[in-house]
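First comes the structure, then the notes that go with it.
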Amino acid sequence: MKEADLDAQYARFPEIKRAEVQKFLDWIHVQPHISAHFLEGEALHFFYACKYSMEVAKQVLDTNLTARTHLDDFFVNLDIESNEMKRAMKTVSVVPLPGATPEGYRVIIGKLADLTASNFNYADCMKLYCMIFDFWMYEDGIQPGHVIVIDLKGCSLGHVARIGLLQMKKFLFYLQEAAAIRLVGFHFINIVPFMDKILALMNPFMKKELTSILYLHSDINEFYKFVPQEMLPKEYGGPLEDTNVLKELYYKKLVDNRKQMLEFETRHQVNEKLRPGKPKNASDLFGIEGNFKKLDID
């Protein structure tokens, strides 16, 4: 894993004061329950995502690391060589696209590669998705915004039936309360006739900030208004290789950097025995919303 160049990031975003990020990092390093190996570049992601608010960044960081410690489904045992991850890599294609939109936004696409519903495990596929996203952000650095695209081509009711309500709640909690990104778009393309069933799983857990950037596309030309055709893979009318080819580039990165990803996992967890005050557990996570300010979504 090659961390994005820090000097280049600060040069690109001159409004960020490095001294403030260093104060944030110093605070992180004196927290007894947080890893002493947490990096400046990783702290920068939170400081930027929280729009340079030190207090919000502290709160969101703690929420993030607490979630990563206790949401086993998505963030524990990030071993790309496990049988579960090997199956997930065959089941879905998760592809961060090269290039950016005219606004400078970076785009990631997720879709089914294997359409057999019995092979689909939502938690494992989301764990793979999060691993790809983490790796991508680590190497890509802070960006003006991120766009998530979910392609529903080939999705059946059998797939939807394999998504647990609690698992959906956990993922949307993480996305809205703890992810260190400025999320500017959440797009579904190739939407299915039973889209209402998918939304029924999501709606109870979505805040207005997320619903305001949620888009459903039945017409690819409408989607092009958000993500230009020229930065898309062939199956969406663009010039890039198909997602089945592009995904292998990132999956190979995960395999080649297996040890570093396991170290990343350890660095992004808390030691509850050392937490000042009362330790937290999984059941506390969904109750912290009232105590921690939410991460604003543009």
Side-chain angles (χ1 to χ4, degrees), residues 80 85-122 124-137 139-140 143 145-163 171 175 181 183-199 201-202 213-255:
I80 198 64
M85 288 300 95
K86 287 179 178 178
R87 179 179 63 183
M89 286 191 287
K90 293 178 182 177
T91 305
V92 292
S93 297
V94 182
V95 180
L97 297 179
T101 70
E103 301 85 359
Y105 302 152
R106 301 284 270 129
V107 181
I108 185 169
I109 294 180
K111 64 176 293 189
L112 290 169
D114 176 355
L115 305 186
T116 306
S118 59
N119 291 335
F120 177 70
N121 181 296
Y122 175 75
D124 291 343
C125 290
M126 293 314 298
K127 179 184 284 190
L128 175 63
Y129 186 93
C130 292
M131 288 176 71
I132 292 282
F133 215 115
D134 287 340
F135 194 105
W136 180 39
M137 288 177 60
E139 293 201 326
D140 205 38
Q143 299 294 334
H146 285 87
V147 177
I148 292 174
V149 181
I150 305 297
D151 180 0
L152 293 175
K153 186 174 182 179
C155 179
S156 68
L157 282 170
H159 290 96
V160 178
R162 297 175 71 84
I163 301 174
F171 178 72
L175 182 64
I181 59 172
L183 185 63
V184 295
F186 194 174
H187 297 260
F188 284 93
I189 59 176
N190 291 317
I191 58 172
V192 289
F194 47 88
M195 195 68 211
D196 59 320
K197 303 288 193 301
I198 296 173
L199 293 176
L201 282 170
M202 299 174 62
I213 57 169
L214 179 67
Y215 302 92
L216 311 178
H217 302 283
S218 55
D219 181 354
I220 194 70
N221 290 297
E222 286 298 310
F223 176 60
Y224 291 157
K225 294 177 182 177
F226 298 91
V227 181
Q229 184 176 0
E230 56 267 24
M231 66 177 292
L232 289 167
K234 289 177 181 175
E235 64 256 52
Y236 307 113
L240 302 186
E241 294 282 1
D242 284 345
T243 52
N244 274 335
V245 175
L246 293 175
K247 75 170 184 177
E248 296 300 337
L249 299 175
Y250 260 89
Y251 293 178
K252 185 177 187 302
K253 285 187 178 186
L254 290 183
V255 172

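Residue numbers run from 1 in the order of the sequence given. Computed from a predicted model, the values in this text were never measured in an experiment.
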Determine, stepwise, if the pair L240 / L232 fulfils side chain to side chain contact (heavy atoms under 4.5 Å, CB included). CA-CA 6 Å; L240 302 186; L232 289 167; 5.9 Å; no
Using modelled atom types and a 3.5 Å cut-off, is there a donor and acceptor pairing between side-chain atoms of S156 and backbone atoms of G158? yes
Could you check whether E235 pairs with K111 (Lys NZ or Arg NE/NH1/NH2 to Asp/Glu carboxylate O, under 4.0 Å)? yes
Under 3.5 Å donor-acceptor, K253 side chain and I132 backbone: no
Out of curiosity, R87 CZ to D114 CG, how far, rounded to the nearest 0.5 Å? 10.5 Å
When you compare the side chain of T243 with that of D151, does any pair of heavy atoms fall below 4.5 Å? no
Would you call the rings of H187 and Y215 parallel, tilted or perpendicular, where under 30° means parallel and over 60° means perpendicular? parallel
Apply the test side chain to side chain donor-acceptor pair (under 3.5 Å) to residues D242 and N244: give CA-CA distance (whole Å), side-chain angles for both, the deciding distance (0.1 Å), then the verdict. CA-CA 5 Å; D242 284 345; N244 274 335; over 6 Å; no
Within the structure provided, determine whether N121 and T91 are in side-chain contact (heavy-atom separation under 4.5 Å). no
May I ask you to decide if G237's main-chain N or O and Q229's side chain share a donor-acceptor pair within less than 3.5 Å? yes
I'd like to know if the side chain of R106 and the backbone of G99 have a donor-acceptor N/O pair within less than 3.5 Å. yes
Would M85 and L254 satisfy side chain to side chain contact (heavy atoms under 4.5 Å, CB included), going step by step from the backbone distance to the final call? CA-CA 11 Å; M85 288 300 95; L254 290 183; over 6 Å; no
For the pair Y251 (side chain) and V94 (backbone), establish whether a donor and an acceptor sit closer than 3.5 Å, ignoring hydrogens and angles. yes
Mutual orientation of the aromatic rings belonging to F186 and F188 [parallel < 30°, tilted 30-60°, perpendicular > 60°]: parallel
Return yes if some donor-acceptor pair links the side-chain N/O of R162 with the main-chain N/O of Y122 below 3.5 Å, else return no. no
